[in-house]
Each structure stands twice: as C-alpha cells, then as structure tokens.
Amino acid sequence: MEFLFYLNIMSVKVILGAQWGDEGKGKIVDLLSDNIDITARYQGGANAGHTIIYNGNQYVLHLIPSGIFNDNVTCVIGNGVVFDPESFLKELDMLKGLGLDLKNRILISHNAHLIMPYHKVLDKIKENQTEKIGTTGMGIGPAYVDKANRIGIKTIDLLDKKTLKEKIKKNLKYYNQVLTSVYNSNPLDEIKIILQYESYSSQLDDFITDTTLYLNNAIKSGKKIIAEGAQGALLDVDHGTYPYVTSSNPTVGGVCTGLGIPPTAISSIIGVVKAYCTRVGKGPFPTELNNELGDKLRKIGVEYGATTGRPRRCGWFDAFALKYSIMINGIQKLAVTKLDVLNDFDEIFICTSYEYEGKTVKTFPTDLLSLSAITPVYEKFEGWKTDLSEIRKFEELPENAIKYLSAIEKYCGVGISIISVGSKREQTIIIEN
Ligand code: GDP
Ligand code: IMO
Ligand code: MG
C-alpha cells in the first residue's frame, strides 16, 4: 500500500536547458526555488556555470545547485554528477563569505564520481593534441570514461583512506603510462595527489551521504523538489550533436539515473530557452550568425562563457531544433529568457524548419553529415524597438514581442509560462494560464 501511495506522489519539477546550454537555468531555478524544499543537480560537473544575481551582485555556481540563495532550500549534488572537490570547496568558501547559513543545506551523493587531476590533464591534452571538441577542460569526459569503465573513484571512497589510496595508486599507474607513452607528456605526482585527496576526506565528510534515500524519503513525505539540469539537451551524449556534446545526459532521463528517483515522481518538465541561440565550443549550429548581427547579440547579451570566459557563438532562435528537444524531454512549458536582448533589432528571425535538397526535413538531424547539408528556413518578425527590462506583465509587452513569443509557441506546440527580461529575479513575467 505504502508503495502504491508513493507512486502517486509527483513532487519533482524538472528544469532543464533545451538548447546548447547557458539558457539562463541558474536564474530560473533560483527564482522558482522560492517555495521549494530541495534543489538537486543530476548530471554534469563544474563544466556548468549557472549565473545568479543575489543582492545586486553576480555569482556563478558550478556544482552547487542554484537554490542555495534561498534559505529554505537543501541542495543535493546527485550521483550522476562528476564531483570536483577543488571546485566545490572554492564555491563553498565563496558562499560562506556572503554570510549565507549553509548548515545542513548541502548534501553530496556517496555515489557521485570524483574528478581527479589526471582527468583534467587528459581533457586538456586531448583538446590540444587530438579531438577538438572545445571542452571546458574540467575533466568531465575522462571522468565519465572511468565511471563507464568501472575504474572510477567515488566520493564514498574519500571516507576510507585505505581504499582511496589503493584506488588512486592503481589508476595513476595506468594514467601515468598513458600520459607518458601515448601523449608524450609528464607523469603526475602520486604522493601529492594522495595527500590532496586525503585532505578532502575531512573537509567533505559532513556533506557525503546517501542522497538517493534522502530524496526518495523527501518525495514520500511530499517535499517539493527541483531537478536542475546542467548544459542543454542538444549537448546530450545520446541525443545531441555527437561528438560535439558533453559526456552526460542533460535530458530528462538523466534525472532518474542521476538522482535515483522514479520517473513517476516527476510532476512537470520546464524547458529553459534563450530568445535566440548560443553555443560555446565546436559543433554544428544551423542558425549561427557569423556576421555583425551575431556580434550584436553577443555584445548586448554579454555572451561570454560563465565557466571559461570564451565568446559564445550566437544565432537566431531555432524552433525546429527546439521541437526536437521538446519531443525527447516531454517539455510541458517553456521559460524564455533574455527577450530584452532583442530590444534593439529592426528584424528578428525564427528558424521554423530545415530543408534538404528542397524538401522539408522530418526532424532535427543529430548526425554531422546531415546537419552540414541542411538549409534553415526562416520566418521574419518586426522588432519591437522598446526596452522590455521594466515590464512585469504579459499584457504590457509590445505587440511585436507578443507576436514573436506566440510564434515560438505555435512552431513548438508548447506554451510559455515564464518570460525573463533581465538577469535579476524580479525581471520576470510569469504567465499564470
Ligand atoms: P545557465 O548556464 O543556463 O544558468 O546560464 P548562464 O548563467 O551561463 O548564462 C546566462 C546569462 O544570461 C547570465 O549572465 C545571466 O545573468 C543572464 N541572464 C539570464 N536571464 C536573463 C535575461 O532575461 N536577460 C538578460 N539580459 N540576461 C539574462
Ligand atoms: P551550463 O550548465 C554551455 C560545452 C563545451 C563543449 C562541450 C563539451 O552552464 O549550461 P565538456 O567540458 O562538457 O566536456 O565540453 O559542452 N559545455 C557547455 N556549453 N553551457 C554549459 O553548461 C556547458 N558545459 C559544457 O563548451 O562544447
Ligand atoms: Mg552556463
């Protein structure tokens, strides 16, 4: 009976990026965490950079979920995350410095895999010597390789110094061979790494726990939870533009595997999208603007990576790619961010479909060959040439902005429930129905 009752509780709201990342997930999760009990990250690692404006200042979170600025929220770093202790401790210090009450508010899954120094070194070497994906260099791919290869080291291993030492020694023996023989690079210092990770044991001891049990108990007792995606659906290792992707599943399936919760617990799925498109790193981007319009979007939207500072590639809104994203994630509502960035454009375009040899393509192709052969088809919209940043009600938006948003809804078949017109919490329009 209890089991059946449990299956009826749907208290997890999923908020994920529906484009190529940096859609403004941080702002939206922070905003919606107001009356939430738990915010949980389910995949990715410190490759994420989620920006939040708190008390008028800008902060970037890489590992700690974006609910942290709301006192009522407990933040969970799930088993699906690849956990970088160095980055986490830095972030923790930053938050402590703000005077936030963090006691018992951050939990790290005992099953999350650790980012090790050799992961970062390999990530960077591979970027320089072989495959150029344009990664963040945070060791994400190599860490997930170890996880799948069953040689990864988990946070729970930090709590048993003997096991930790053995595992580091074993892995380092292998990776130092790879570094020296395959990549002609320097080996890493075993003692230094062991000491470094042993020191993390005492610093992280209080945070590491069985978050799967914690979350399932929270669901049973009706607690409200946000599952916060990192990256975006088109960077998904299975469903994105492979190999130009990240190494995890930002898509909705990642929520269940990355937190250890059942799909029946999910109550709603919100896709966050920018009012245009951006992409950092390499890979296909059909609506990219390699011209002064792209430069204008970058300049007004301040499109520079929150983690690496790299300039983001910019382009028009791709409703066709979004339709695919909606399909694979079951997105029920959209949060459209950065609409204000388009304030000063005379004409704005939405990509409505792709054509290949004059024929409309059925769905967003994920293989590079097809993506390089398609031609985006656009619909043109008149700009609104009005400052939207102070608008808080949908009815007060200029007619041309409403036309633009309605077209997004029409082409994607999903309604918009949140419109963001600035980076601050209050610069938001909530659409009730
Ligand atoms: P995330 O990774 O999805 O959380 O997004 P990022 O933080 O990497 O990038 C989004 C950027 O846009 C950040 O600098 C935000 O402060 C900013 N931002 C978010 N929403 C808005 C908005 O509606 N308007 C403007 N102008 N900036 C926004
Ligand atoms: P948030 O959560 C945008 C991109 C990198 C690169 C590719 C693989 O802030 O939206 P990786 O280091 O993951 O192996 O790099 O994925 N990438 C992101 N792009 N936003 C992110 O995170 C990203 N995290 C990784 O630029 O193209
Ligand atoms: Mg980001």
Side-chain angles (χ1 to χ4, degrees), residues 15-31 41 43-54 57-63 65-66 81-82 84 115 119-120 122-124 126-127 131-145 228-237 240-248 250 271-285 297 300-313 335-343 387-389 391 418-429:
I15 300 179
L16 53 81
Q19 295 163 321
W20 279 284
D22 301 327
E23 297 89 348
K25 299 175 290 294
K27 164 173 170 168
I28 301 299
V29 172
D30 172 62
L31 175 81
R41 274 277 306 273
Q43 45 69 237
N47 50 349
H50 295 180
T51 314
I52 288 151
I53 310 290
Y54 173 71
N57 295 314
Q58 178 174 296
Y59 302 98
V60 180
L61 297 171
H62 301 287
L63 275 169
S66 302
V81 170
V82 279
D84 182 346
I115 295 273
H119 294 142
K120 292 186 198 173
L122 271 172
D123 194 1
K124 286 178 190 134
K126 283 176 81 181
E127 280 293 309
E131 311 114 75
K132 288 197 173 39
I133 302 290
T135 74
T136 58
M138 298 294 166
I140 306 299
Y144 280 115
V145 165
E228 173 181 1
Q231 291 79 56
L234 302 175
L235 287 172
D236 187 282
V237 68
T241 52
Y242 192 90
Y244 296 101
V245 292
T246 191
S247 301
S248 68
V272 186
V273 290
K274 259 178 211 172
Y276 47 98
C277 276
T278 62
R279 178 165 197 163
V280 214
K282 291 177 159 287
F285 182 1
L297 281 171
I300 301 175
V302 198
E303 294 297 354
Y304 294 88
T307 299
T308 58
R310 291 177 293 176
R312 294 173 181 153
R313 298 154 65 193
V336 178
T337 62
K338 305 190 92 159
L339 190 63
D340 55 298
V341 173
L342 300 174
N343 285 348
D387 179 10
L388 304 185
S389 61
I391 294 181
I418 297 172
I419 300 160
S420 176
V421 291
S423 52
K424 296 182 195 149
R425 265 186 206 170
E426 62 271 22
Q427 290 180 300
T428 310
I429 300 168

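Quantities reported herein were computed from a predicted structural model and do not represent experimental measurements. Numbering of ligands and ligand atoms starts at 1, following listing order.
At a 4.0 Å heavy-atom cut-off, ligand 2 touches V245 through the backbone alone. Contact annotation: for R310 versus ligand 2, heavy atoms closer than 4.0 Å belong to the side chain alone. At a heavy-atom distance under 4.0 Å, no atom of Y244 approaches ligand 2. Residue contacts with ligand 2 for M138 are absent, since no atom lies close enough (heavy atoms, distance under 4.0 Å). Residue-level proximity to ligand 1 for T51 is carried by backbone and side chain together, each with a heavy atom below 4.0 angstrom. Residue-level proximity to ligand 2 for T135 is carried by backbone and side chain together, each with a heavy atom below 4.0 angstrom.
Interface of G21 with ligand 2, defined as ligand atoms under 4.0 Å from a residue heavy atom, comprises 3 (C), 10 (O), 20 (N). Against a heavy-atom cut-off of under 4.0 Å, G134 is close to the following atoms of ligand 2: 5 (C), 6 (C), 26 (O), 27 (O). Interface atoms of ligand 2 facing I133, defined by a heavy-atom separation under 4.0 Å, are 27 (O). Heavy-atom proximity to G49, at under 4.0 Å, picks out these atoms of ligand 2: 1 (P), 9 (O). Close contacts between ligand 2 and A48 involve ligand atoms 1 (P), 2 (O), 9 (O), 22 (O) [criterion: under 4.0 Å to a heavy atom]. Within ligand 2, counting atoms from 1 as listed, the ones closer than 4.0 Å to a heavy atom of G281 are 27 (O). Within ligand 2, counting atoms from 1 as listed, the ones closer than 4.0 Å to a heavy atom of W20 are 3 (C), 19 (N).
By the 3.5 Å distance cut-off applied to N or O atoms, G422 is counted among the residues near ligand 1. At under 3.5 Å, not a single nitrogen or oxygen of A230, backbone or side chain, sits near a nitrogen or oxygen of ligand 2. Checked by distance only, ligand 1 and G26 come closer than 3.5 Å through their nitrogen or oxygen atoms. The distance criterion of under 3.5 Å between nitrogen or oxygen atoms is met by T246 with respect to ligand 2. Taking distance alone, with nitrogen or oxygen atoms compared against 3.5 Å, D123 stays at or beyond that limit from ligand 2.
In this structure, atom 4 (C) of ligand 2 lies nearest to the protein heavy atom L235 CD1, 4.0 Å.
Y242 OH: 12 or fewer foreign heavy atoms inside a 6.0 Å radius.
Side chains of S420 and K27: a donor on one and an acceptor on the other come within 3.5 Å.
Taking backbone and side-chain atoms together, G21 has no N/O/S atom less than 2.8 Å away from the Mg ion (ligand 3).
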